[in-house]
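Below: the structure, in structure tokens.
Index from 1, following the sequence. Atoms within each ligand, like the ligands themselves, are counted from 1 in listed order.
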Amino acid sequence: MKTLEWEDNKLKLIDQRKLPDELSYVYCDNYQDVIVAIKNMTVRGAPAIGVSAAFGMALADIEGVDLDKAADEIKSARPTAVNLFWAVDRVLDSDDALAEALKMYEEDMATNRAIGKYGAEVIDDGDTILTHCNAGALACVDYGTALGVIRAARDAGKNINVICDETRPRGQGASLSVWEMQQENIPVKLIPDVASGFLMSQGKIDKVVIGADRIARGGVVNKVGSFMVALAAKHHDIPFYVAAPYSTFDNEISIYDTIIEERDGDEVRYYGGARICPEGTEVINPAFDITPKELITGIITEKGIIDPI
Ligand SMILES: CSC[C@H]1O[C@H](OP(=O)(O)O)[C@H](O)[C@@H]1O
């Protein structure tokens, strides 16, 4: 089961907003549908956004839409994950939009398995691994980056346990990562975001492995809350790894120049459809944060484990 597939000249997406209770699909048959799906997080996760955007360009090409125009519109869908921009530009520079998108589709899966292979080498038998948000198959075409490391460690015969924090406000850890681990029969527990530091202090977490949306000079941008987890891990001398492909690296900027997406305040005002604060409460809702390189043990890439840049 792939997060996204090209089927009958349409982009077929798992509707991640419906998980974990319902496995259903959204079909995009034009590039504007892809923009909507990225914006409303039908599809989310840096690599999945990138490959979806590439297929969006292929749909624009099939429709005969000017690709520069389509590129600008697709790039406006979400501002932080560098994969979106890299993927659109790669299709723009290609001779065949659909062929390039299909190449990226295959590359993503191969890349994630390579990340998993290297990552499994730092996972020990018996480890309990904390992960934040969803950097799994659902954040990619398949297999995942951080959860790919977990899958590879399990396949290497290591007995591991996973702890997912819920990852407020959108709850990707609770709704997506827990679901993925249960599909794989990998032992998993869910915790409130605010409990991870305490569990570390109790010696209940051996390693942290998370994904990334942009890696640049000075650190890593990832789902909001990653920085807090990294601080707690540093305090407890717990290894903190970021699993990401080279396509998530942005060598042009300082990480502090990254545009951090601000999302709708209702994502915070409501939980499970119920309002949890007084009507009209003002909200600050950054979707990502910045983890400084000093807090990162290593970056697990498809070419090996490297120091943060
Ligand atoms: C494999 S990178 C996934 C990355 O994307 C997530 O953000 P979002 O769910 O808002 O697209 C989160 O930062 C994950 O680590």
Distance-only donor-acceptor check, side chains Asp96 and Ser94, under 3.5 Å: no
What's the shortest distance from atom 6 (C) of ligand 1 to any protein heavy atom, and which residue and atom give it? Arg44 NH2, 3.6 Å
Angle class for the Trp6/Phe55 ring planes (parallel below 30°, perpendicular above 60°, tilted otherwise)? parallel
Is there a heavy atom of Pro47 sitting under 4.0 angstrom from any atom of ligand 1? yes
Parallel, tilted or perpendicular, judged at 30° and 60°: which one describes the rings of Tyr246 and Phe249? parallel
Ligand 1 atoms in contact with Ala139 (distance to a heavy atom under 4.0 Å): 1 (C), 3 (C)
Where's the contact between Arg170 and ligand 1, heavy-atom distance under 4.0 Å: side chain, backbone, both or neither? neither
Taking Cys277's backbone N and O only, do any of them form a donor-acceptor pair with Thr281's side chain (distance below 3.5 Å, no angle check)? no
Heavy atom of Glu261, distance to ligand 1 below 4.0 Å: no
If you scan protein heavy atoms around atom 1 (C) of ligand 1, the nearest is Thr145 OG1, 3.3 Å
Could you check Leu138, Val188, Asp21 and say which one makes a side-chain contact (heavy atoms from CB on, under 4.5 Å) with Trp179? Leu138
Of all the atoms in ligand 1, which lie at a distance below 4.0 Å from a heavy atom belonging to Ala135? 1 (C)
Taking 4.0 Å as the limit for heavy-atom contacts, which would you say applies to Gln172 with ligand 1: side chain only, backbone only, both, or neither? side chain
Can you tell me if Asn112 uses its side chain to pair, donor with acceptor, with the backbone of Gly148 under 3.5 Å? no
Taking non-hydrogen atoms only, is His132 closer than 4.0 angstrom to ligand 1 via side chain, backbone, both or neither? neither
Residue-level breakdown please: for Asn134 versus ligand 1, do any non-hydrogen atoms fall below 4.0 Å on the side chain, on the backbone, on both, or on neither? backbone
The side-chain hydrogen bond (donor to acceptor under 3.5 Å, both in side chains) partners of Gln172 (sequence neighbours excluded) come to none
Can a donor-acceptor pair be found, under 3.5 Å and without considering hydrogens, that links the side chain of Thr80 to the backbone of Ile259? yes
Which residue holds the protein heavy atom closest to atom 2 (S) of ligand 1, what is that atom called, and what is the gap in Å? Ala212 O, 3.3 Å
In this structure, atom 5 (O) of ligand 1 is nearest to the protein heavy atom Asp213 OD2, 3.1 Å
Sort and list the pairs that fulfil side-chain hydrogen bond (donor to acceptor under 3.5 Å, both in side chains) and have at least one residue in residues 181-209, not counting sequence neighbours. Asp124-Lys207, Asp127-Lys207, Arg151-Glu184, Arg154-Glu184, Gln202-Lys204
Taking atom CG of Leu19 and atom OG of Ser24, what is their separation to the nearest 0.5 Å? 7.5 Å
Return the closest protein heavy atom for atom 12 (C) of ligand 1 as residue, atom name and distance. Cys133 SG, 3.4 Å
Enumerated ligand 1 atoms positioned under 4.0 Å from heavy atoms of Met41: 9 (O), 10 (O)
Among protein heavy atoms, which sits nearest to atom 11 (O) of ligand 1, and what does the distance come to when rounded to 0.1 Å? Gly45 N, 2.8 Å
Please identify which atoms of ligand 1 are closer than 4.0 Å to at least one heavy atom of Ala46. 2 (S), 3 (C), 5 (O)
Numbered atoms of ligand 1 (with element) below 4.0 Å of Arg78, judged on heavy atoms: 8 (P), 10 (O), 11 (O)
Pair Arg17-Thr42, side-chain donor/acceptor within less than 3.5 Å: yes
Looking only at protein heavy atoms, which one is nearest to atom 15 (O) of ligand 1, and how far off is it? Asn222 OD1, 2.5 Å
